[in-house]
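Shown next, in structure tokens, is the structure this report addresses.
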4 protein chains.
Amino acid sequence: MTGRVRRSDPHRRERIIEAALDLIAQHGAPGATYRTVAAAADVPLGSMTYHFPTRDDMLLAAFQRLADDQWARFDRILAELPEGEDPRERVVQLIVTHGEGYGRDMILSAELYALAVRDVRYRELIQGWMNRSRGSLERHFPAELVATIDALQEGLVLHSHISTEPFDIERIRQAVYRLIPEPSILR
Amino acid sequence: MTGRVRRSDPHRRERIIEAALDLIAQHGAPGATYRTVAAAADVPLGSMTYHFPTRDDMLLAAFQRLADDQWARFDRILAELPEGEDPRERVVQLIVTHGEGYGRDMILSAELYALAVRDVRYRELIQGWMNRSRGSLERHFPAELVATIDALQEGLVLHSHISTEPFDIERIRQAVYRLIPEPSILR
Amino acid sequence: MTGRVRRSDPHRRERIIEAALDLIAQHGAPGATYRTVAAAADVPLGSMTYHFPTRDDMLLAAFQRLADDQWARFDRILAELPEGEDPRERVVQLIVTHGEGYGRDMILSAELYALAVRDVRYRELIQGWMNRSRGSLERHFPAELVATIDALQEGLVLHSHISTEPFDIERIRQAVYRLIPEPSILR
Amino acid sequence: MTGRVRRSDPHRRERIIEAALDLIAQHGAPGATYRTVAAAADVPLGSMTYHFPTRDDMLLAAFQRLADDQWARFDRILAELPEGEDPRERVVQLIVTHGEGYGRDMILSAELYALAVRDVRYRELIQGWMNRSRGSLERHFPAELVATIDALQEGLVLHSHISTEPFDIERIRQAVYRLIPEPSILR
DNA sequence: AATGAATGAGGATTCATTCAT
DNA sequence: TATGAATGAATCCTCATTCAT
């Protein structure tokens, strides 16, 4: 009844990518096998290699999607800055909300880093993502500071997922404000 | 006390752990299977389960070794502070040397984080490591700052392994000095 | 007459056959799959079954081409016999040049034989080829000898491709001359 | 009932080799897959790679067995020469019986040649076999003739399996006797 | 205490072929 | 007529783990 025969399925590629991301988040990249992803996306195993000739192609596409989505959120939060608000508050918000509500994406990022430190293709993927993020930050902050802000954010978010202590927003705010002293703000 | 070690091949356990770490660094945690590790350590496959009943036990032991070694280095650098030197310079040094010379350990850490975000056992392992590191930092810096310093370091080292840009020690120093303003230094 | 050939890509069928032969020579008959041949001939996979409904049809066509080409060369060498030359020299020449310069065709023949000993269709293909070859030999040699000459040639060429020893033309000549004593020559 | 659990099975390796040869003879080397051989030998699929880490190792072992067995028969026939018998008769016998009764081995040889012309490992296997065969022939015939005798035999046997014509023992005898003129006989 | 042998499940791919467009 | 997409079966091989010795 659930479509033993399937003629065409235009969103199949997307479904596979979504399913892959879910599985990576749940069981790590090694858990996103052709088999498990095919089952989760309700796609015959034999058709997987048509869309992604190699398992690596599939993972790469999935992580590219992750990077695109994450950056979009990042950029949106930095873009909608109301008149008169201190942009550093947005950085604080990014760190805290990421630490709190985006567990899945955090897990996926950790997995991506583990691949990236060993494989150029994933490294390049992150580099592209990083550059876009820094571009977004440069709307409000000077270019020389932007890489450091990004690194601080990375470290804080990562540790927040490891640590048992609750998130202390004041501590985050203090760190961000120290790293970006007032006169650094562009606008 | 020495009861755990076999008489015929007393360093076997150690050899296995070293081989496991090498293989994880080269091919990721999934690449360190009983088989590959046994071959690399020149140990019969059938004897692996004697030393590590489960593959996970082996990985855990390997990462524990990593944490111990890393922390020892970390602590040593912070301990040997000559009279009159600014301890923040030691933090700068930690970041830069880690970024430059310890590629293997950085790769292993990334792998460990990827496991930790999904599995408590690895998370607890990192927590222990993190606590010891913070203890070392508290020799010189106030307790409220120490977690942030650690996070900044983490982010900077991680990004240095992804980025193509050369390490800019001045940028690092500026970040560290801003995060830890002079009056914060204990001694 | 030209009705079988497509207008848009008139040599496609030929290109496929050539690509198939190359792939068989390089990786054996099992290596000449629809996919590999399509890629090598730069033809869309989906169009393969139009030209050759079955993979076996494709292989058969390829080997037929091999037989035709090989026999043409064989026949040409035996046909152009200058007045007064001993035709046995031509047999020697056939063996030696085949052993030396026609590696690809030798490899293909071996593959064809492996198929032929189990499958009638390939066996019939070789029979046709063998009969034509014997016809060519009968220009110069009596019918009762012709099968034996052919067999000797086959064995010598085959062994020359296996053996590490260099080709000894004198040894070949002696064998041929003994097998075909002078009075056997027709002309 | 047929032994779901099997503790030890000392002849497993031999059984696998026998099954592999049968399957190669029936369906060609590509038909002797781990799966088909495991089923034919009544061995769990997962244990195949313990005995033969690579499918190629399995095939090589099977063909080595073929070569050993074939040469043993070859050598036996040439060894038991009664006083006063012309050894050339033994060569005739070898060719004829091989052509007639040893279909399976002939098929296997053809398959082996197809592998050998492309792969050194199989080529070396045949070289070893060829050298032993020539050693056997040198009991009765001069060294310079022995390679040619072997080649003639090879070609005649091969063609006999392709041709539709019945085996003509007189034709074979004539060929052998011409190739080995009486004074060549050693004893 | 130590290990060679075994095993069933699952790994990534490749395949010949079909079919809707 | 031509082909991109699809599919189920099969490919080789690896795996963690068990167990008899």
Side-chain angles (χ1 to χ4, degrees), chain A residues 3-10 12-13 30-39 43-59, chain B residues 4-9 12 30-39 43-59, chain C residues 5-9 12 30-39 43-59, chain D residues 3-10 12-13 30-38 43-59:
Chain A
R4 185 107 269 223
V5 173
R6 193 156 18 213
R7 293 139 232 276
S8 84
D9 186 353
R12 181 168 283 190
R13 210 187 130 90
T33 71
Y34 272 146
R35 274 176 153 75
T36 56
V37 174
V43 156
L45 174 57
S47 94
M48 292 294 291
T49 44
Y50 178 76
H51 296 282
F52 302 100
T54 280
R55 195 182 83 109
D56 221 57
D57 294 334
M58 178 181 77
L59 293 180
Chain B
R4 176 172 288 161
V5 178
R6 280 319 98 221
R7 201 198 301 158
S8 57
D9 187 355
R12 182 169 283 194
T33 70
Y34 272 148
R35 284 174 154 69
T36 55
V37 174
V43 157
L45 171 59
S47 89
M48 291 296 288
T49 44
Y50 171 73
H51 297 281
F52 302 99
T54 280
R55 192 181 87 107
D56 222 57
D57 294 334
M58 178 181 76
L59 293 180
Chain C
V5 179
R6 281 318 98 218
R7 204 198 298 158
S8 56
D9 187 355
R12 181 169 283 191
T33 70
Y34 271 148
R35 283 172 155 70
T36 55
V37 174
V43 157
L45 171 59
S47 89
M48 292 294 290
T49 44
Y50 171 75
H51 297 282
F52 302 99
T54 282
R55 193 180 87 107
D56 221 58
D57 294 333
M58 178 180 77
L59 292 180
Chain D
R4 184 109 273 221
V5 174
R6 193 156 18 211
R7 292 141 233 276
S8 86
D9 186 355
R12 183 169 282 192
R13 209 188 131 88
T33 71
Y34 271 146
R35 273 176 152 73
T36 55
V37 175
V43 156
L45 175 56
S47 94
M48 292 294 290
T49 43
Y50 178 77
H51 296 282
F52 302 100
T54 281
R55 194 181 84 107
D56 221 58
D57 294 333
M58 177 181 78
L59 293 180

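As the structure is a computational prediction, the values presented were derived from the model and not from experiment.
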Where each residue is assigned the nucleotide of DNA chain F containing its nearest heavy atom, which of D/Ala32 and C/Ser47 is assigned the position nearer the 5′ end?
-> C/Ser47
Please state whether the phosphate of E/dC15, meaning OP1 or OP2, lies under 4.0 angstrom from any side-chain nitrogen or oxygen of C/Tyr34.
-> no
In chain order, what residues pass the side-chain contact (heavy atoms from CB on, under 4.5 Å) check against C/Pro44, with sequence neighbours excluded?
-> C/Arg12, C/Ser47
State, to 0.1 Å, how close C/Val37 and C/Met58 come at their nearest heavy-atom pair, and which atoms those are.
-> CG2-CE, 3.8 Å
Rounded to whole Å, the CG-P distance (C/Asp57 to E/dA16) equals 13 Å
Output yes when at least one side-chain N/O atom of D/His51 is less than 4.0 Å from OP1 or OP2 of E/dA6, else no.
-> yes
Report the secondary structure of DNA chain F in dot-bracket form, marking unpaired bases with a dot and bases paired to a different strand with |, and treating Watson-Crick or G-U pairs with both distances under 3.5 Å as paired.
-> .||||||||||||||||||||
Name the nucleic acid region contacted by B/Thr33, choosing base, sugar-phosphate or nothing; use a 4.0 angstrom heavy-atom cut-off, strictly under.
-> sugar-phosphate
Between A/Pro53 and D/Leu45, just flag the one whose closest nucleotide in DNA chain E comes earlier from the 5' side.
-> D/Leu45
Let me know the distance between OH of B/Tyr50 and C1' of F/dT18, rounded to the nearest Å.
-> 17 Å
Whole Å only: how far is the CZ atom of C/Phe52 from the C1' atom of E/dT18?
-> 19 Å
Taking every heavy atom of A/Val43 against every heavy atom of A/Met48, the minimum-distance pair comes out as CG1-SD, 4.1 Å
Proximity to the side chain of D/Arg35 - top-ranked nucleotide from F/dT7, F/dA10, E/dT17 = F/dA10
Between A/Thr36 and B/Met48, which has a closest nucleotide on DNA chain E that is more 5'?
-> B/Met48
Under-4.0 Å side-chain N/O to phosphate OP1/OP2 contact, A/Arg55 with E/dA12 | yes
Does the B/Arg55 side chain pair with the main chain of B/Thr49, one donor and one acceptor, at a distance under 3.5 Å?
-> no
Among F/dG4, E/dT7, F/dC13, the one nearest any side-chain atom of C/Pro44 is F/dG4
B/Gly46 vs C/Thr49, nearer the 5' end of DNA chain F by closest nucleotide | C/Thr49
Nearest heavy-atom pair of B/Ala38 and B/Leu45: which atoms, and what distance?
-> CB-CA, 4.0 Å
Determine yes or no for a side-chain-to-main-chain donor-acceptor pair under 3.5 angstrom, with A/Arg13 supplying the side chain and A/Phe52 the backbone.
-> no
Does the B/Tyr34 side chain pair with the main chain of B/Thr54, one donor and one acceptor, at a distance under 3.5 Å?
-> yes
Quick one: is A/Arg12 getting a side-chain N or O under 4.0 Å of the F/dT7 phosphate, OP1 or OP2?
-> yes
Could you tell me the separation between the CZ atom of D/Arg13 and the P atom of E/dG4, rounded to a whole number of Å?
-> 16 Å
